[in-house]
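The structure displayed is predicted, hence computed values, not measured ones.
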Amino acid sequence: MTGDAAQMAATGSWVATGLGMGLWVYGWLGEKNPIAKMRFHDAGMVLVFSSIIVRVLIQDRAMTWFDWVLVVIAPLFIAAALWRLKRTGGMTNSEDR
């Protein structure tokens, strides 16, 4: 990967990490509805774990055992969060249930 593309990917991954952490914190502090709170946490988890995978894959050094664990575990968390987001899609208001 060229230096510019790698730098752009790294910058984008840090932005996604910030957005994901912001969604996670907002889910804890700003949302009262439990379903909506879970959806904020799941969306944040998808963003954070996706950005971690990007940073692991674009790094210049050889992958360590911890990097391999992240590459194997992160897609499982992403899939679980996306599955829960799909299942709770129309349940954010109490009138929808």
| request: Search all heavy atoms of G27 against all heavy atoms of H41 and return the closest pair with its distance. | output: C-NE2, 3.6 Å
| field | Connected hydrophobic set around W28, excluding itself, where side chains approach under 4.5 Å | value | W24, V25, L29
| note | The remaining residues in the hydrophobic cluster of W83, counting side-chain heavy-atom contacts under 4.5 Å among Ile, Leu, Val, Met, Phe, Trp and Tyr, are none
| Hey, which of K86, R87, R84 is the one that makes salt bridge (charged side-chain N to carboxylate O under 4.0 Å, His left out) with D42? | R84
| message | If hydrophobic clusters are built from ILVMFWY residues whose side chains come within less than 4.5 Å, do M8 and V15 share one? | response | no
| Does W14 belong to the same Ile/Leu/Val/Met/Phe/Trp/Tyr cluster as M21, with side-chain heavy atoms less than 4.5 Å apart forming each link? | no
| field | Nearest-0.5 Å distance that lies between atom CD in Q59 and atom OG1 in T64 | value | 7.0 Å
| Roughly how far, to the nearest 0.5 Å, is the CG atom of L70 from the CH2 atom of W65? | 9.0 Å
| task | Treating Ile, Leu, Val, Met, Phe, Trp and Tyr as nodes and any side-chain heavy-atom pair under 4.5 angstrom as an edge, say whether L82 and V71 lie in one connected cluster. | result | yes
Name each donor-acceptor pair under 3.5 Å that joins a side chain in residues 43-54 to protein atoms two or more places apart or in another chain, with its distance.
from: S50; atom 1: OG; to: V46; atom 2: O; distance (Å): 2.7
from: S51; atom 1: OG; to: T17; atom 2: OG1; distance (Å): 2.6
from: S51; atom 1: OG; to: L47; atom 2: O; distance (Å): 3.1
from: S51; atom 1: OG; to: V48; atom 2: O; distance (Å): 2.8

| said: Would you compute the distance between atom OH of Y26 and atom CG of L19 and round it to the nearest 0.5 angstrom? | reply: 15.0 Å
| said: Do V56 and V72 land in one hydrophobic cluster if side-chain heavy atoms of ILVMFWY residues count as linked below 4.5 Å? | reply: no
| message | Would you compute the distance between atom CG of L57 and atom CZ of R55 and round it to the nearest 0.5 angstrom? | response | 11.5 Å
| message | Please say yes or no: joined through hydrophobic side-chain contacts below 4.5 Å, possibly via intermediate residues, are M63 and V69 part of one cluster? | response | yes
